[in-house]
Structures are given as structure tokens and as C-alpha cells.
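Only one structure is covered here, and it is reproduced in the block below.
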Amino acid sequence: MKYHHEKIEAKWQQYWAENQTFAASNHSEKPKYYVLDMFPYPSGAGLHVGHPLGYIASDIVARYKRHQGFNVLHPQGYDSFGLPAEQYAIQTGQHPADTTRMNIEGGVDKSGNTIQGYRNQLDRIGFSFDWSREVRTSNPDYYKHTQWIFIQLFESWYNKNSDKAESICTLIQEFDKNGNANVNAVCDDNISPFSSEDWKSFSSEEQQKILLHYRLTYLAETEVNWCAALGTVLANDEIVNGVSERGGHPVVRKKMTQWSMRISAYAERLLQGLNEIDWSESIKESQRNWIGKSVGAMVSFNVNNHDAKIDVFTTRPDTIFGVTFMTLAPEHELVTQITTPEQKAAVEAYVEATAKRSERERMADVKTISGVFTGAYAEHPFTKEPIPVWIGDYVLAGYGTGAVMAVPCGDERDYAFANFFKGTNGMPAIKNIFNQDISEAAYGEKGGFELVNSDFLNGLDYKSGTKKIIEELEKIGAGNAKVNYRLRDAVFSRQRYWGEPFPVYYVNGLPQMIDKKHLPIVLPEVEKYLPTEDGQPPLGNATVWAWDTESNAVVSNDLIDNTKVFPLELNTMPGWAGSSWYWMRYMDAHNTEEFANEEAIKYWESVDLYIGGSEHATGHLLYSRFWNKFLKDRGYAPTEEPFKKLINQGMILGMSAIVYRVSGTNKYVSKNLKSEYETEEIRIDVNLVNASDEIDLDKLRNWIPEFKEAEFITESGKYFVGREIEKMSKRWYNVVNPDDICEEYGADTLRLYEMFLGPLEQSKPWNTAGITGVAGFLKKLWRLYFDDNGSVIVNDEPTAEMYKSLHKTIKKVTEDIENFSFNTSVSQFMICVNELQQLKCNHRAILEPLAILVSPYAPHIAEELWSALGYEGSIATVAFPKFEAKYLVESEKEYPVSFNGKMRFTIKLPLDLTAAQIEEIVMADERTQAQLQGRTPNKVIIVPGKIINLVG
RNA sequence: GCGGGUAUGGUGAAAUUGGUAGACACGCCAGACUUAGGAUCUGGUGCCGCAAGGUGUGAAGGUUCGAGUCCUUUUACCCGCACCA
């Protein structure tokens with residue numbers, strides 16, 4: 001009987017689907033285990049072999065845990081809102097909902113292209129997903145709950161005293177009772193104090209405006225990253241090197257009224273939580289960088305002749321007597337106010353010039369020093385000396401307060417700035433407050449100095465100086481200790497169509513939440529997916545997009561009267577909204593009332609193992625932690641952290657194949673002859689090349705017309721390609737489709753090969769050529785159970801060697817799965833099968849456990865072997881074999897014998913010999929005598945069971 | 001600049017507390033069988049050398065009887081952050 005993967009795999013995939021083999025129950029006696037993959041965005045291009053890598057790894061763990069007796073939740077779904085579907089809609093006029101559905105379910109698109117569909121592609125690989133819990137973030141029955149969470153955020157504030165989010169009702173009660181004097185909240189700056197009486201006297205509108213300053217999601221005019229090409233704002237994590245992550249378009253700062261998420265309230269908890277979770281150090285470090293905690297002080301400087309103060313954040317308050325000048329960001333709000341008439345023209349010109357430069361230019365150009373004196377002076381809080389105030393674009397508006405106290409003697413940038421403008425109007429000589437030489441460079445260290453010229457700080461160091469100065473600042477009311485975070489509140493509005501609509505309408509420009517019982521607010525139909533002519537977001541094109549407060553329904557815009565019918569929000573939510581809570585939805589995916597039932601959430605608790613790409617380090621993974629913490633505060637999530645353990649799979653790279661065209665001809669020269677010609681490199685379809693890098697020239701001629709008539713300069717009839725390792729992409733013709741691999745070699749081979757390629761977390765190139773190794777392994781495995789006539793399994797007692805081979809494998813595979821070292825498991829399977837083949841093993845007592853061992857990796861063949869062993873039903877929950885050390889006990893060891901650390905020969909000795917006995921035998925050995933040539937060793941090192949080393 | 005990671009044959013990679021470097025595969029070489037196939041099987045394959053032997057884990061030092069593994073210095077590449085006050 002031959003191994004036919006196509007029959008076996010189709011059969012078992014159908015069996016699993018029909019029998020709901022992998023449907024998880026929310027009630028079980030077994031311990032639970034939750035394995036989650038980062039759900040995919042269903043793009044039209046379909047999956048390539050890089051995509052399933054993490055899914056295969058998580059599937060192995062899920063299947064292994066089932067064998068270990070766990071109730072396993074291993075769900076899958078789609079992150080189906082997003083930009084590409086919308087861009088495609090703009091180009092083709094097809095509704096994003098239609099193209100998204102087709103990308104998931106497959107079909108034939110309007111241009112006649114067959115789309116396989118993610119689901120069909122995934123099914124062919126034999127994942128043990130519980131598809132009954134599938135979610136799609138763009139489905140109204142899903143985003144209904146995303147809208148609900150948004151409302152919860154709106155109805156919450158962050159109480160620093162309890163250090164958690166609370167219902168906005170508790171804040172209103174406090175305002176009613178005591179005004180805002182005792183409120184310790186994370187909120188907007190510049191909130192004026194009010195009493196209980198004031199609060200009660202405010203109009204409802206005024207009250208609403210005040211509350212917006214406290215809510216965890218709030219509407220505010222903020223500086224946002226505006227991307228004109230995409231027609232939308234972007235969050236900080238959607239910008240890479242000053243241009244949009246998607247498309248690489250320029251991004252400028254712009255003031256807009258937008259929804260924001262007060263993630264800054266959670267900065268410290270997001271930072272501290274990293275210590276409790278088992279994530280890679282690099283991701284944790286990325287998040288720490290992104291949060292950017294720095295400890296220091298806030299210091300206020302009064303501006304002379306103005307009723308104004310400049311607040312600065314500094315990590316070095318101990319250097320306050322070294323302040324030589326101050327610098328404001330050009331965007332700083334005080335700039336126009338304090339600039340003197342004489343400096344006005346210069347300052348305005350500088351501000352304008354800075355505004356014109358894109359973020360990118362400003363970032364690229366860090367070497368050029370520029371700035372202008374405002375003519376104004378601030379007053380030193382202690383010495384009362386006047387300090388000139390400058391503006392300069394080395395100070396960023398977005399960090400701290402957008403202003404710095406410049407201490408050139410202790411800061412490289414201040415030093416460079418001071419020297420650049422040395423001698424010009426408003427730039428005094430550098431004050432040195434360190435007992436160090438600063439004639440060549442600033443002294444930036446936090447140690448190794450004593451403060452001088454610093455009044456009451458003289459003689460102190462960094463630590464004691466900082467402590468002292470903060471006390472003194474507090475005494476005179478000019479400052480206090482302060483922890484600053486780089487993490488900014490996250491902009492939550494997008495000027496896009498294909499996203500969650502906000503459950504929000506506007507009365508007199510003030511946002512009102514729609515009651516949760518009327519959710520979902522379903523995305524309206526529009527004629528065009530582009531912004532409107534007057535610059536409104538795409539939802540501005542909707543004609544039925546108004547909220548009727550009487551019928552509680554979305555009605556035609558014509559009915560807007562601003563008394564009963566009001567306009568709805570035109571922005572939509574960003575891509576990360578739906579993915580920031582989806583792991584909880586899987587726990588109870590069909591709940592129509594709540595986002596998930598309390599009991600289900602309590603049962604599944606949090607994700608035990610999360611596998612996905614590291615590109616989400618500061619986006620999805622940070623926002624998800626934020627929402628989870630918020631939901632925990634409000635009693636909806638059971639744990640502080642959503643993902644206990646995280647593994648980042650590496651990227652699978654393409655191995656492009658290159659042919660060399662002789663310049664100006666239609667001739668192509670084989671790789672090793674190319675130096676004899678002047679050539680240019682052309683990439684060809686990597687699937688036309690065999691394991692020896694040789695092209696099938698007939699196939700190449702039929703591939704694209706360019707090669708039809710081409711001539712090939714070969715090496716004895718063979719044409720070899722060059723190779724280049726680069727990202728898997730259509731434009732390099734190096735994409736390998738998992739469907740093709742499943743077709744030719746089978747899903748089990750694909751799964752094994754993806755694991756065999758190397759360590760999961762490492763990025764590595766794909767080369768289909770190597771797959772014959774694992775394909776051959778599966779055939780050999782099969783032949784242990786079958787010959788040409790069928791089953792060969794016998795019930796005889798296996799030999800000790802067979803047991804040894806099996807138990808070595810049990811041990812290795814168990815350890816490997818626990819350590820996520822899947823590549824070495826596959827090697828061990830090969831070793832075991834090679835050994836059993838040598839031993840002609842066809843014994844049930846060996847082959848039965850072997851089938852179970854293999855099953856997490858190659859589930860289809862394992863099921864088939866299991867039924868060949870005479871069992872009914874699936875192998876999926878059969879207990880995993882247990883390692884027994886007794887089968888590995890050895891009585892002899894092949895000792896390496898080294899002389900001065902160099903291994904010369906080996907000698908087989910019983911393991912129960914003492915060191916002295918070993919020495920005697922070794923010394924008597926003629927090979928030892930030959931090595932020593934009459935010398936006597938100074939020292940003989942014998943580690944029983946390990947090595948023998950003779951020195952001297 | 002700061003932080004994290006990687007470096008081993010022609011290729012992908014193995015190597016428990018420091019203990020026979022290169023397991024397992026791909027490729028290559030030789031052979032067997034054959035219904036001639038991109039099947040299967042056997043043997044070989046780090047490098048130099050006919051061999052004995054020498055040499056070898058990015059580089060240079062060090063610790064040790066013994067280092068891919070530990071320590072110091074250094075180079076290259078990848079990732080994250082970055083005029084962060």
C-alpha cells in the first residue's frame with residue numbers, strides 16, 4: 001500500500017469538520033489551555049508559505065496539549081476592516097464587504113480571477129482550529145461590541161487615587177459634592193478649578209465640555225499626523241521614519257478635532273506589566289522605549305514683563321544653576337506672546353520655515369543647528385537672573401512641555417546650540433556648574449562630578465542634588481518631581497470608510513453616545529468611498545446617516561432638524577479597534593447580548609500562548625494590553641494582562657532566482673559563465689528551478705513571452721540560476737503558494753518542512769528544493785506500518801533497541817514542544833524512523849506511541865496510521881506517550897580519550913567503572929602509549945560517563 | 001547615540017550543567033537496482049593533504065585539564081527607539 005497524501009488528507013479534514021473534532025467546550029473537567037494566533041487580514045493576494053509558519057507552530061502546541069489532557073481553545077478569525085480593501089474599492093467600485101468576503105471564502109472576482117480564499121487555503125493545511133468560533137471584525141454582530149467598548153471608555157475616567165478607571169458617574173458625584181478640587185485624575189491640562197456650586201450652576205453643555213477633559217476617550221482639537229495622500233490621520237505607530245507605514249506617503253502635523261484614547265493614563269501600568277509576562281526581551285524593550293519613562297522634575301520660569309510662565313520638564317533639575325538660556329519648540333504656544341517687536345520678523349520667518357519642513361526633513365537633518373532669539377527673558381527661580389528665551393527646532397513640540405531649560409555645560413545639544421550662537425544677541429557665556437573641564441565638550445555623565453557655582457547645591461552629586469533641588473523648588477512653588485512619558489494619547493478617528501462607525505451623534509457640536517441597546521450602528525452605504533468635495537470623510541457621502549432620538553434609528557440626512565434628528569459622526573475607528581479585544585470574543589463568539597459572557601471569560605481567563613509577528617510590537621500588542629487593563633478595571637476582564645506568553649515567529653524570506661541576460665541580446669548565460677559577458681540580472685519564477693539551481697528551460701520558455709525565443713548559454717546543457725534572498729513578494733517572482741505544496745507533497749509535508757527549516761523565531765529563506773527530505777521521511781514512516789500488501793503490524797515484543805529509539809524520541813519531542821524547538825523534533829523523528837527501519841520494527845508496542853508522537857506535527861498521516869492500528873475515531877485526544885528512563889539505561893560508554901585536550905581515539909568501557917579503574921585500562925592501552933611516546937602524564941582527568949583527558 | 005538580536009560546511013541547521021563540533025536534511029560524488037523516473041537503496045562528503053597529520057564555530061585576547069558555549073575587547077549584519085531635554 002502506497003502513501004497517498006491527497007486521499008488521506010482530504011478524508012481526515014472532512015472527518016474533523018463533520019465531527020467537530022476541535023470544537024472547544026466552555027465547560028470541562030479538564031484544565032484549560034488557550035492558544036491564539038494573530039488573526040490575518042484577508043488580502044486578495046492570498047497566503048504564501050510564510051503566513052502559516054506561526055499557525056503551524058501554534059497548531060502543534062494545541063494538538064500536543066489535547067494529547068496532554070487539556071481542554072484547548074484554538075480559534076481563528078479575520079481582522080477584516082482595513083485600508084487595502086478600501087483602496088481596492090476606490091479603484092474598482094466594488095463594495096469592501098464583497099471583496100473582503102471573497103478574500104475569505106473564495107470565488108471569482110469581477111475581473112474573472114479565481115480567488116482561493118483564506119479559509120480554503122487554511123483548511124488544506126489541516127489546522128485544528130475551532131471554526132465554530134470564527135470572528136470577523138467587519139461583521140456588525142462583532143463591531144457592535146467594539147462600539148460598546150468605545151462607549152464604556154467614554155463613560156469612564158482614570159482615578160489616580162484608586163489607580164484605575166472608574167465610571168464617569170463617580171466623577172460627577174464628586175463634582176456635585178466638592179467640585180474638582182480633590183479630584184486626582186488623568187485629564188487634559190489647564191482645567192480651571194470649580195466648586196460644587198459652580199458645577200451645579202453650569203449648563204448641561206458646559207458640564208459636558210468639562211467631562212470631555214476627563215473621559216478615557218475624548219474629543220479634542222489636537223495636533224495630529226495628517227497624511228494627505230491617504231486622506232486620513234495616522235497614529236504614531238502607523239508612521240515609520242516620518243512617512244506613512246502604508247504606502248510611504250508624507251505626513252504633516254495638523255490641528256484637527258479628533259477622538260483620542262487616553263492611553264497615557266495607563267503608561268505606568270503598561271510599563272510595570274511587562275515584568276510579569278513571558279515575552280521576548282526585544283518586544284518588551286520596544287514597548288519600554290515606546291512608553292519612554294523618564295524621571296525628573298517640572299520647573300516653572302516666569303517670563304519678565306509678561307503674565308506668563310514657561311514650564312519645562314528636565315531629567316537634570318540638579319543642574320538648574322547652569323541654565324544659560326531657554327529654548328522653546330517653534331510651535332510652542334507662548335512664542336507669539338513673548339516675542340519682542342524687534343525680534344518679531346525673525347521669529348515669524350523661522351516659525352514659518354520650520355512649519356514648511358516635513359517631519360521627515362526635520363528628522364533627517366539633525367546636524368544643522370538653527371534657532372532664533374525671541375528677545376524675551378525668563379527669570380531664574382533662585383538667582384532671579386534674566387535668562388534669554390530662544391526658539392529652535394531641536395526642541396520637539398510633542399515631548400515634555402515643548403520647552404527646555406538649556407544647560408550647555410551638561411548637555412551636548414545645548415552645548416552645540418550655545419557655541420553656534422556664541423557672541424550673538426541673547427546668547428550669554430556658558431555657565432559651568434561642574435568641577436570638570438567643559439572647554440571641548442559638555443559633561444553629560446550623571447556621576448563623577450561635584451556641583452559648584454550652584455548656591456545651596458554646591459558640593460552635592462547628581463542624586464543628592466536632585467533630591468535637594470526638588471525640595472527647594474517645592475518650597476518656593478516653582479516646581480516639583482515629575483515622571484514624564486513619551487507615550488502620547490492615541491488618535492482614534494480615521495477619515496476612512498471601511499472601519500467601525502462611532503456610536504455617536506452631535507448636538508450643538510457636542511458628542512452624544514447612542515444607547516447600547518440600539519447597537520450596532522451599521523456602516524452606511526455610500527456612492528463613493530472617497531472624501532467628499534468639501535473635505536468631509538467618506539461617510540459624508542452617506543445620505544442616510546442621521547440619528548433620530550425618538551425612533552432611535554438611523555434616518556435620512558434630510559430629516560436633520562437638530563432638535564430630534566441629529567448628524568452622526570463621520571469618522572470611523574482605526575484598524576486596531578477590532579483587534580484590541582478579539583481574543584475575548586472567541587471565548588463566547590455567538591453571544592448577542594454581551595461581548596462575552598462573564599462565566600466564559602472567567603473560564604478561559606487569558607491567552608496562555610500567543611504566536612504572531614513582531615511587527616505588532618508597539619501597535620496591536622500595546623493597544624490590546626491597554627484595552628484589557630481598562631476592561632479589567634471596569635470588571636469585564638479577569639486579568640491584568642491578556643497574553644501570558646508571546647512568541648514571535650520569524651519571517652520566511654524568498655529565495656529569488658536570477659538569470660543573466662547578455663546585454664542588448666536575447667541570450668541568457670548560465671550563472672558560472674556570466675563573468676565572460678556583460679550581463680544584467682533578471683528575476684524569474686522561483687518555481688521553475690530545481691534543487692540543484694537548474695532551470696527547466698522548456699517551462700521557462702512557456703512562462704512569459706520574453707523567453708519564448710530566447711537562447712541559453714548553458715553549462716553542458718544545464719542552465720544554473722543565481723540566488724538572492726529577499727522578502728517574499730510578487731514583484732520578485734519568489735512567492736511560493738502553500739496550495740501548490742499541499743497539492744504536490746501534502747499538508748503534512750508542508751507542516752513538517754516549515755518546522756524543519758529552522759528555529760521558529762528566526763527569519764529564514766524558503767527553498768522548496770529541500771522539501772524532499774521530509775517528504776521522504778513520511779514515506780519511510782508509512783512503510784513501517786504497511787508494505788505493498790497492507791498492514792504489517794505485529795504484536796510481538798519489541799527489542800530493547802526499539803524501545804530505546806522510541807523513548808529517546810518521546811523525551812526529545814516532549815522537551816522540544818515545551819521549549820518551542822520544533823525543528824529539532826522533526827530531526828528526532830527522522831532519526832527514530834531511520835533506526836526503526838534498520839531494526840525492521842513493525843511492532844505495535846512501538847508503532848502505536850510513535851503515531852501519537854507524530855500526530856501534532858503531521859496529523860493526517862497520524863490519523864490514518866491510528867486507524868490502521870485498528871482504532872475507531874480520531875487520534876486527537878489520545879494520551880501522549882510517557883517517557884520512561886529505564887529504556888535509556890546504558891551499560892557501556894564510548895569514551896573519547898584526549899591528550900592535552902585533543903581527542904585521539906575512543907575506547908568502549910563499562911559505565912560502572914571507577915575513575916581509578918578507567919585510568920588503569922586507558923594507561924595500559926597501546927594507543928595511549930603510542931600517544932605518550934614514553935612520557936608520563938602530569939595529570940589524568942577522568943569524568944566517568946563523559947571524557948578522559950591526559951595532560952602533559 | 002541608546003537598547004535588543006544574530007554570526008558554525010556549498011545550503012538550512014544541530015550541539016543538556018563547559019566534555020568526541022557539524023546531528024538531521026538539502027546539494028554534491030561514487031555505486032546498486034530498474035518498468036529509465038524528479039523513484040528506491042548503499043557508501044562517501046568541514047577545509048588543507050596521496051597519506052601521516054594539520055586545521056577549524058566572524059576577529060583578537062583571557063579563564064580552564066578541556067571553550068561554539070564563560071569573561072574582556074572588537075567587526076559585520078538585522079530589528080526597535082532616536083535632537084526624548
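By convention in this document, chain letters (A, B, ...) are assigned in the order of the sequence lines, proteins followed by strands, and residues within each chain are numbered from 1.
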Could you tell me the separation between the [atom1] atom of [X] and the [atom2] atom of [N], rounded to a whole number of Å?
X        : N      : atom1 : atom2 : answer
A/Tyr753 : B/rA25 : OH    : C1'   : 9 Å
A/Tyr3   : B/rA39 : OH    : C1'   : 17 Å
A/Leu752 : B/rC26 : CG    : P     : 14 Å
A/Gln837 : B/rU40 : CD    : C1'   : 10 Å
A/Leu781 : B/rC24 : CG    : C1'   : 16 Å
A/Ile291 : B/rA82 : CD1   : P     : 14 Å
A/Asp816 : B/rC24 : CG    : C1'   : 12 Å
A/Asn823 : B/rA15 : CG    : C1'   : 12 Å

Using a heavy-atom cut-off of 4.0 Å across all strands, would you classify [X] as base, sugar-phosphate, or nothing?
X        : value
A/Glu894 : base
A/Arg488 : nothing
A/Asn690 : nothing
A/Asn938 : nothing
A/Val943 : base
A/Ala617 : nothing
A/Ser692 : sugar-phosphate
A/Ser614 : nothing
A/Lys699 : base
A/Lys946 : base
A/Glu754 : nothing
A/Asp411 : nothing

Under 4.0 Å between a Lys/Arg side-chain N and an Asp/Glu carboxylate O for [X] and [Y]?
X        : Y        : result
A/Asp693 : A/Lys671 : no
A/Glu285 : A/Arg288 : yes
A/Lys804 : A/Glu890 : yes
A/Glu754 : A/Lys764 : no

Suppose we call two aromatic rings close when their centres sit under 6.0 Å apart. Are A/Phe417 and A/Phe325 close by that rule?
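For A/Phe417 and A/Phe325, the ring centres are under 6.0 Å apart.
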Look at [X] and [N] and indicate whether a side-chain polar atom (N or O) is within less than 4.0 Å of OP1 or OP2.
X        : N      : answer
A/Arg316 : B/rC84 : no
A/Gln762 : B/rA13 : yes
A/Arg783 : B/rC41 : yes
A/Ser294 : B/rA85 : yes
A/Lys902 : B/rU55 : yes
A/Arg486 : B/rA82 : yes

Donor + acceptor pair across side chains of A/Tyr462, A/Glu445 (<3.5 Å):
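Short answer, no.
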Side chains of A/Ser825 and A/Asp816: is there a donor and an acceptor less than 3.5 Å apart?
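Side chains of A/Ser825 and A/Asp816: pair found under 3.5 Å.
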With rounding to whole Å, what would you report as the distance between [N] and [M] at their [atom1] atoms?
N      : M      : atom1 : answer
B/rC26 : B/rU35 : P     : 26 Å
B/rU34 : B/rC50 : P     : 38 Å
B/rA59 : B/rG9  : P     : 10 Å
B/rA21 : B/rG68 : P     : 8 Å
B/rG4  : B/rU73 : P     : 14 Å
B/rC29 : B/rG19 : P     : 37 Å
B/rC28 : B/rU20 : C1'   : 26 Å
B/rU57 : B/rA7  : C1'   : 9 Å

[X] has a side chain; which of [options] sits nearest to it?
X        : options                : result
A/Lys779 : B/rC65, B/rG38, B/rA39 : B/rA39
A/Pro759 : B/rG4, B/rC81, B/rA14  : B/rA14
A/Leu396 : B/rG19, B/rA85, B/rU20 : B/rA85
A/Ser827 : B/rA85, B/rC81, B/rA23 : B/rA23
A/Glu285 : B/rG4, B/rA82, B/rC24  : B/rG4
A/Arg413 : B/rC65, B/rC26, B/rC83 : B/rC83
A/Glu281 : B/rC65, B/rG4, B/rC41  : B/rG4
A/Met830 : B/rG19, B/rA25, B/rA85 : B/rA25
A/Phe756 : B/rA25, B/rC65, B/rA85 : B/rA25
A/Lys764 : B/rG19, B/rA85, B/rA13 : B/rA13

Should A/Cys409 and A/Thr319 count as side-chain neighbours, where that means a heavy-atom distance under 4.5 Å?
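When only atoms from C-beta onward are counted, A/Thr319 and A/Cys409 do not touch, as no gap falls below 4.5 Å.
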State, yes or no, whether a side-chain contact exists between A/Tyr857 and A/Asp748 at a heavy-atom distance under 4.5 Å.
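A/Tyr857 vs A/Asp748: side chains apart.
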Which one is paired to [N], where only Watson-Crick or G-U wobble pairs with both distances under 3.5 angstrom count?
N      : result
B/rA14 : none
B/rA7  : B/rU75
B/rU35 : none
B/rC2  : B/rG80
B/rG66 : none
B/rC28 : B/rG44

Should A/Tyr753 and A/Trp766 be marked as a ring-ring contact (aromatic ring centres under 6.0 Å, His included) after you check the CA-CA gap, both sets of side-chain angles, and the distance that decides it?
CA-CA 10 Å; A/Tyr753 188 53; A/Trp766 177 275; 5.1 Å; yes
Where does B/rG68 land, syn or anti, given syn is within 90° of 0?
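Here B/rG68 takes the anti form, which means its glycosidic angle is more than 90° from 0.
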Whether the side chain of A/Asn289 and the base of B/rC81 hold a donor-acceptor pair under 3.5 Å is what I'd like checked.
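Result: no qualifying N/O pair found.
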